[in-house]
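I have placed the structure first, in the form of structure tokens, so that the comments after it can refer back to it.
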Amino acid sequence: MAREFSTVGVVGLGTMGAGIVEVFARNGIDVVAVEISEPALERGRATLTASTDRAVAKGKLAAADRDALHERVHFAVGLPALHSVDLVIEAVPEHLDLKQRIFAELDRVCRPEAILATNTSSLSVTEISVATTRPNQVIGIHFFNPAPVMKLVEVVRTVVTSPEVVADVEALCARLGKVDVTINDRAGFIANALLFGYLNHAVAMVESHYAAREDIDAAMKLGCGLPMGPLALMDLIGLDTAYEILDTMYRRGGRDRRHAPVPLLKQMVTAGLLGRKSGRGFYTYERPGSPVVVPDEATPPATEAGLADGARAIAKVGIVGSGTMATGIIEVFATAGYEVVSVTRGAEKSATVCEAVKTSLNKGVVRGKLTEADRDAALGRISWSATLDHLADVDLVVEAVVEELSVKKALFASLDEICKPGVVLATTTSSLPVIDVAMATHRPADVVGLHFFNPAPVMPLVEVVRTIRTSPEATATARAVCAALGKTGVVCGDRSGFIVNALLFPYLNDAVKMLEASYSTADDIDHAMKLGCGYPMGPFELLDVVGLDVALAIQRELYLELREPGFAPAPLLEHLVTAGYLGRKTRRGFRDHSHR
Ligand SMILES: NC(=O)c1ccc[n+]([C@@H]2O[C@H](COP(=O)([O-])OP(=O)(O)OC[C@H]3O[C@@H](n4cnc5c(N)ncnc54)[C@H](O)[C@@H]3O)[C@@H](O)[C@H]2O)c1
């Protein structure tokens, strides 16, 4: 028989605590909600009220249920109010000494059979537990932000947590409608161990002016389907909390430099820029606690597509190549109204590409996305050629040939001879340095990267890569073209992986390392990222789709260029690739897909 929890206590009503109170009270459990002072208590109460009022306004909660929910919550200052609860969850700031002091006092105040739980993200539950005389009744219950919304709970058992306590807490999570993964006490557990290196890396990109905050966030949302970008997420987590988590993970997790908090973070915390809760972090908010972003001095000015920042007028576009990307990009430009010259290596290839574009456009017609007249007009705008000479009068060239530097360099040298002055020359490379390609011409200022995602007609993101020689006009032109294509162009520097791959693949690689270390299972890790962080796919699902060979190649390049020890490809990934387990395309990767 699982233990009955009729009253629980929550200590600390900040970002997490207030949400945790709501989770319990919504599920019919009485809560004693405790803070350090009257003003802090009032803030916590106001957060709970605002959250439940929002739920009522959105029709997710009946007004009567909200009132009943509030009646279940008893607010108090000081821990003695917790004398008769069955379980306490502590959610005070991420400092070991503070948590240890609180647990020592909870141990004195609470009934001997009460379970004492911490919501810590990164501290050792074991170290917290030894501050009490009942370490076997101490456990981690790690909720995700926002607690009422996110389905995942990580239940953290130490070597001394009693199995009954673990089972009781698991049953409690189920009662709360949460999905739990039970794991051992390791820095960052599953989700944060995989998340925070990525978040810190995104902050480093801001700090080094590699890309703008809006562009980094848009890249991860549109390129990976994440619910929010890393900087918006940092603001939601709270920069002070994020700093402490990183710092602890760095110290506890083997001094991985990727967890050493980026200096900018410390500066922002010291300056009181804590994120949403203080009204300003990476973004500026309407007021403290508000999710509404308002413009500030770093907000890019709204510009009219094609006219801003010296962007050049583009009417005719040359597209070189005959593969998947070239085919998709031809379709994208032609449907957006550009005159397109497709250049392939021969009439046969042109015919194949032409067929593929027709098929894709026809699908669009069947799905009601464009009319037959639109389709015919788009096809009418494309001319097919097997010689680069036909690019003499285009305004923009997009190169999408094989991913080999020598081939691309030779092509750009030819384009340099053939194209008129002022043309923007773009490469779609996903891994080669754009500057290498640019320097094959005598006009590196006009060369940019235009990194489309596959399938190009569907994916809304394009990374615009500017090299150290790219002119502002060429960058502005590329960005304006993306807007005219109905895509979001994000501008970044010329580094391996640009924004998306540089942030995505190390995270996937870390997931493989976690699996390899037998800390958790592929299923639980996938669950944790989907239910705890709202990712559309877990890392192993995604790796099987992307292809393990592709992931390994990208990860190797990141490692080679950045020399970051933490980027070294996971041996398990290398072995699976060697064994020919490449993912869905070979019917086996991390999972067996042969029966599907
Ligand atoms: N922010 C997140 O996204 C997130 C997610 C999961 C877990 N966590 C973890 O939850 C915990 C709380 O983080 P947070 O972001 O909610 O912090 P927060 O700073 O938003 O809130 C902490 C609250 O604790 C109160 N407090 C401080 N000392 C206290 C005391 N002695 N007695 C009672 N209350 C006290 C503060 O007044 C404040 O309201 C941390 O361990 C953190 O790692 C945070």
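Here the structure is a predicted model, which means the values were calculated and not measured. Note that ligands are numbered from 1 as they come in the structure, with each ligand's atoms numbered from 1 the same way.
Inclusion of Thr241 in the set of residues having an N or O under 3.5 Å from an N or O of ligand 1 is warranted. Taking any N or O of Glu90, backbone or side chain, none lies under 3.5 Å from an N or O belonging to ligand 1. Checked by distance only, ligand 1 and Asp240 stay at 3.5 Å or farther apart across all their nitrogen or oxygen atoms. Some N or O of Glu94 is nearer than 3.5 Å to an N or O of ligand 1, by distance alone.
Legend: residues meeting salt bridge (Lys or Arg N to Asp or Glu O under 4.0 Å) with Lys530, ordered by chain and number and at least two apart, are Glu541.
A salt bridge does not link Asp65 with Lys60: every distance from a Lys NZ or Arg NE/NH1/NH2 to an Asp or Glu carboxylate oxygen is 4.0 Å or more. Ion pairing between Lys513 and Asp256 fails under the 4.0 Å rule for side-chain N and carboxylate O. Between Arg280 and Glu297 there is a salt bridge, since a side-chain N of the basic residue sits under 4.0 Å from a carboxylate O of the acidic one.
The stretch residues 156-206 participates, sequence neighbours left out, in these ring-ring contact (aromatic ring centres under 6.0 Å, His included) pairs: His142-Phe189, His201-Phe567.
Under 4.0 Å from ligand 1, not a single heavy atom of Glu244 appears. At a heavy-atom cutoff of 4.0 Å, ligand 1 is contacted by the backbone of Phe143 but not by its side chain.
Evaluated by nearest non-hydrogen atom to atom 18 (P) of ligand 1, the leading choice among Met150, Met16, Lys277 is Lys277. Compare Gly238, Pro93, Gly140, Ser121 by their heavy atoms: the one nearest to atom 7 (C) of ligand 1 is in Ser121.
Remark: the Asp235 side chain and the Tyr285 side chain contain an N/O donor-acceptor pair separated by less than 3.5 Å. No side-chain N or O of Arg66 forms a donor-acceptor pair with one of Ser51 less than 3.5 Å apart.
Heavy-atom contacts of His142 reach the following atoms of ligand 1: 6 (C), 7 (C) (cutoff under 4.0 Å). Near Asn145, meaning under 4.0 Å from one of its heavy atoms, ligand 1 places the atoms 1 (N), 2 (C), 3 (O). Heavy-atom proximity to Thr120, at under 4.0 Å, picks out these atoms of ligand 1: 41 (O).
Contact analysis puts Ala91 in contact with ligand 1, with a non-hydrogen atom separation below 4.0 angstrom. For the ligand labelled ligand 1, residue Arg101 lies outside the 4.0 Å heavy-atom shell.
How far SG of Cys492 is from CD1 of Ile216: 9.0 Å, rounded to the nearest 0.5 Å.
Ranking the protein heavy atoms by distance from atom 1 (N) of ligand 1 puts Ile237 O, 2.9 Å first.
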> Under the salt bridge (Lys or Arg N to Asp or Glu O under 4.0 Å) criterion, do Arg252 and Asp185 qualify, and how do the steps go?
Replying inline: CA-CA 11 Å; Arg252 279 187 73 207; Asp185 186 17; 3.7 Å; yes
